[in-house]
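So the structure is just underneath, and the comments pick up after that.
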Amino acid sequence: MSVVDYSQTAEDHQCFLVLVRPTGKLLSGKHFSRCWERIVQLNCVAIPGQKRVMWIRYKRQYSAESNEWGDFQVHRKALGLISVGRCSNEAEFQDLFESYKKEKECYADSLYNSRLIVFGMNRDGSEIQRTDSKIGGDDSPPPTFKMDSFDLESSDSDSVVPERLDGDAESEYRKGTVEVLDPLQFDQRECDTKADSEVPRVVKNSPIVNNNNNNKKDDSAGPQITFIRTKSEKADNKKVENKKLDDLKKPPVKRTGSNNSLRDAPGSEVVFYPSVDNCEGLEEGLKDFVTSLFFVLEGKRLDRGFEKGDRSMLLRAPFEKKDFVGLDTDTKSFKKKCQGRLRKHLADLCLIAGMPGEAMLHYTTALDLLKPVNDNLWMAACYEGLCSTAVITQFGTQAGSQSTLRRNQSFSTKRGVASLDKQKPGLQHSYANGFQDLAEASVKSNLDADDITEKYKEALMYYSKYKNAAVVEMEASLKACRILILLKRPLAAADFLQNVIYINLQLSDEDRISRYSTLSSLYSQIGFQRKASFFKRVAAMQCVAPQNPRPNWVQCHHLLVQALAGYRIHLDPKDSHAVPGEMNGWTVIQTRVLHELIYSAKRMGNLQLAVRYLTILLHTQLDYLSDSEKRELVTNLEGFTGSCEGTVNTLALDSGVLVPHVPLINVPRVKTFKLLPLATHLEPRNLRAPEASASDSVFIFTPLNIGAVEHMADRPEVDFKWVEGDLCEVELVMCNPMPDALSLSQLSLLTEGVAVETFPSSVVLPVAPSLYRAKITMRPTAAGELSIVGYHTKLYGVRSNCKLRDCPSIPQSLFKIVVTSALPQAHLSTSLPCSADFLSFGEGLNVVTSATAVLYCGQSKECTVTIQNKSRLPIDWVKVSLEATRDSKDYVNEVYMWNSENVQSQLPIPPSGVLCFTMVLQGIGDFLIPGVGKGGRDSLRRLGEPVNQLVSLGRVVEGVLRVDYSGGPGYHDNLCRCSSVAFSVDILPSVVFTKWNVMLSESSDHCYVILDLKNVCDHDTEVRYSGQSAYLKHQHIRSICIEVERLEPGLVDSHTDAQFSSLLASFLDITYTIPSQKVSGKVDASRLTWTKEQQQLLCLSPVSWDIHLNGQVISPLHIGSLEYRTGQLIRLDVEATIQSETSELFGRGAVLTVCCCQHHDNGVVSYNTDQYVIAMGNQDLHVEQISSDTPVHHSCTYMFTCAGFYKFDIQLRVGSGETQSDINYGNGGQGNPMVNIVQGHGHSYTVKDEGQDSKPLLLKCLSVIEVNIVE
Amino acid sequence: MAGNYYFVIVGHHDNPIFEMEYFPPNKAPDTKKEDHRHLNQFVAHEALDLVDEMMWTTPNMYLKIVDKFNEWFVSAFVTAGRMRLIMLHDVKNEDGIKNFFQEMYETYIKHAMNPFYEINQPITSTAFEKKAQTCGKRHLTG
């Protein structure tokens, strides 16, 4: 025997072996397998009238060689044969029948009974009429049953008559007569069956279904094999049946040449069914057939029982046959052997007949008989039998494969009551739910688990002595192992499995593969996954062994896939529980197995699969591969993907295993994944600042993040927005773990939520260990919340969808970003050249371009600012504003000027339209020399002067022109964009004022402004003023004198100094040109500061003075002194006329004071001249009321006693009579030859609420009245 | 006494952390060594199942021969920290292997005490290797 049944279990010892064979050429494999499926479900039949159950094991193939071992172990004997065939007409049937007979011949030695199932004919064996649909339908005539007569001649030993058959049947049986039942009777039977049982098919499949028959048999006198049904008909059925009988009195015309041939056939019964789908009675027929088997067996068993070894017949195992040739059969030991073997055979029969108790006894007896005669082989069989019996009694039967059937039993409780009683619950060892545990070992058995193990070991020991019994030994080992699995003794089970490997057996390759597979599955059943994988792999290798002429790569691959689990290789990376960075499993082995898998897939021709496996290998083993191995791998991969690109789809194997997409997350490794905000000038901003809701809250902002700190880092939300229709970028920092440069292509993003337009990019990662930055670009095409879940790459021809949640270095599993509705994009430009550098104004200003200009102080320039709409949306709203640095805030608006109305009038800007406006740049300056020019010659700087003076010596004025714009849908969503131009103007010095002063002119209406101008630029300058021009060379100073009309006298009071300065500047029109630079500009004098005295001087006086010295008129422009002698009388006549314009002075009292003083050269004015001057007459004149008609006239005579220069101070005090001491003489400018009119300082006036009238006014005569007294 | 030996320390994740082969001094390593080594590793790996099962059946760390495949016997030793020392050998040498295991166990413990060594990581120390070499010479091939 060379064929090993690897699926055998100990329970098989109690099973009838029934062969199911396809017969004839007309039956398709598909039909047969459907038929087979139906047949195998009937694996357990309760014997009618007996409290026993018979188990059936079906086989499709069974070698005659194996069958020969049937004497050794009865369960190896094919006891029944079911042939399945197909024919459609008589001739075909004849052929079929012939082959059936041949089939039977093969197993003739062992068969108890056989049956031929024919499809394609009517149930009565007639041909199916194509036209007549009724025939062959449900109403078609019932199947023909023909009782099988037992072939008495088939086997001598089998020629036993069942004892319990009753009268008629027995006699018929003995005669071997063929009883062909009257078809009419069958009709009745069919009706009967139909009436009785309208049960679903599944129920019929259960082992207890046959209670239908049961009941009937019970009704009838006893167990019957024949279907003579007349006695047991129920009364109410009778009428119907009789009716039918009448109907069918006439057999159908077409009927049954086949039956005629059947009649000729010796014994076998043929059953006809129209088709596989239409064979309701199949199970019933089978049951009957099986029951017939049982009774034959039962007969034999009983016969053996009575035999008592009279006939010394020696049962032999096939290989023993020649050993016993010529042996003396009369010895005692031979007789013992005969007896023992016979007893053992009897035990086998008992076991199959469902009497394990008796079997146990017989086995023990047999052992006792065989032991003394050292019949080792048969002793081993006895031990095995004992074990099987023990197992059967303890754990019931057949745990494994037929569990599906068992479940159905629950449906048939009603019908199965009788048979259920016969089956202990313990027998129903079912794994229907997968978890049902072992039934408690029943008390019946006297062998416990250890004994079973022991006995099996003994059996194996004896078996191993016979080389020819290797198959039996192997099967016994497997059986033992299966039992130990049930007993949960993995180590003992492993022992037996170990034994299997060492049984030396000449096996075919196929057998070897199935041996290893069986070993593997058994190992995995005891939880030895690594062992299981090892043997699966060995089996796989066996499939493609070099000596194998027909390597089966598909099978090899199939087996290898099953082996992966034990090596901790997971086709789905998600199944792997490996901690990243930690080794998981034996990497060398994993690599090897994966390589084998790849190779097998390649040889299978499934390149797609090979690519996937290579990807898995690369993904999982990357850390453990050397550089050269990596290179080799990549070369392989690229070789494969050259003809078959690696996809992202899940691959399904034929075996149903799914090989999911494995993203190459580690090649390259993404270190960071960052969403980039839009460029600042494209960032969407809120058009109107949101209402400050924070102020409403009682809570105060804190920068502390209490509690939530750790979650901040891996929040999926980002704090900026993207804009629909704009290019958005994600930055990946990657490192290349491979030894060579990586060229990634089709780098793009995996997004959800919002439709996007992707722009796959390609990058080449250098070998360096440094990190590489790559950017992925895309364009959202709708507004909403966009989720970025990963990225897509194509590397070595393999596409990967890398999810962020799989990337260990990225804490976020996705990124969420808000995409706002679309906004236009504008491009800003100016007509000025860009500056090389400009001061940073911070990031908020979004400077996109810059402009620079060089201006001389006082020069002005125009430039054009262009806003170009670059998008497809119109720009509906534009706001232009200027930002400046802190220190230039005060004057930046003077430097840059534009017309906003002009800007607004050009809106909206259509797509790709342009908005232009002019910007005026002015080189403003104070035209003063810093520090030096402070105050000029005569002017005094005062406190409170602006600190940040414009410096005329050159400076840079920077400003940022900020353009906020919006349009399209974004405008409705209250969003805008902001971009800016950085302006920088270099203001170069041109000319500066070094000194400035005011002089009276001849006319009292005019005065002269005298300005000293210095050329501080590097070029020669021409200055124009009042129609004149002056040429200034570099660094030259030139005085210019401009006659201006004097101002209204009130101006001094009503204007501040700065106002006064700018007012005066408006009268001074000074321009300059630098011919070499073709530059011209306006010199602005508004920054000149004027003292109060100068201001007064510039204003018209309310009083006109008419002064005579000794009758000589002193003009206001009089310069120089009049000469007089000492002792000479000098008469001073003063006439002060109040100008009519200053009417407010009229009616007020006034004091005219004349006083002589001496101006020393050091600038000190001495009023104490009493020692040298004798004044005759009153020096003060009090006027009651001033009026315009009467000028104030006063005269007074002086006589000088000492020579020297003297001056006269003349002043008119208007107002109430104040004392002289209030007049502040000290304020007179030193070296000032003029007599100034000084308004009294305010400290002497406490009340001002009475208005201008009460305000005292001090009016001085400005004429210089100087006398030179000579001896 | 002179046989071939393949020694491996297996970590908690079935990962080998140290491997070494011993040949009899007079016999040069096989030419088809590479193939051989793969087989050794496969055999050692499949034996882990039995080692894991056997270690609960005995209080001893030394499990003696736990498995065999073809000409190879597999002896095992499980440390207190469940590191598995596996030895493939084609001759029986129970005492030698036992002593070898014991000595290697001590060496391993010393190595594991190194604060820079992480448990379950491959051992790359040359000192350890040398020690294993001499140890093998003394107890196995010597």
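- Contact residues of residues 523-530 of chain A toward chain B are A:G527, A:F528, A:Q529, A:R530 (heavy-atom distance under 4.5 Å).
- A:R568 places a side-chain heavy atom less than 4.5 Å from the side chain of B:H13.
- Chain B is approached within less than 4.5 Å, heavy atom to heavy atom, by A:L491, A:A494, A:Q498 from residues 491-501 of chain A, ordered by number.
- A 4.5 Å side-chain heavy-atom check between B:F42 and A:V593 finds at least one atom pair inside the cut-off.
- With sequence neighbours left out, the side-chain contact (heavy atoms from CB on, under 4.5 Å) criterion links A:D627 to A:K630, A:R631, A:P739.
- In this structure, chain A has a heavy atom under 4.5 Å from the side chain of B:V8, while its backbone stays farther away.
- Taking all atoms of both residues into account, the shortest heavy-atom contact from B:P16 to A:G585 is CD-O, 4.2 Å.
- Interface remark: of the candidates A:Q590, A:R537, A:K531, A:K531 forms the most heavy-atom pairs closer than 4.5 Å to chain B.
- Environment of CD in B:E71: crowded, with over 12 heavy atoms of neighbouring residues, nucleotides or ligands closer than 6.0 Å.
- Listed by sequence position, B:E46, B:L48, B:D49, B:L50, B:D52, B:E53, B:M54 are the residues of residues 46-56 of chain B in contact with chain A, using a 4.5 angstrom heavy-atom cutoff.
- For NZ of A:K465, the number of neighbouring non-hydrogen atoms (other residues, nucleotides, ligands) closer than 6.0 Å is greater than 12.
- In plain terms, the two heavy atoms of B:K68 and A:Y502 that are nearest each other are O-OH, 3.1 Å.
- Within the model, atoms CD1 of A:I589 and CG of B:L39 stand 10.0 Å from one another, a figure rounded to the nearest 0.5 Å.
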Worked check of ring-ring contact (aromatic ring centres under 6.0 Å, His included) between B:H45 and A:Y567: CA-CA 9 Å; B:H45 181 259; A:Y567 294 116; 4.9 Å; yes
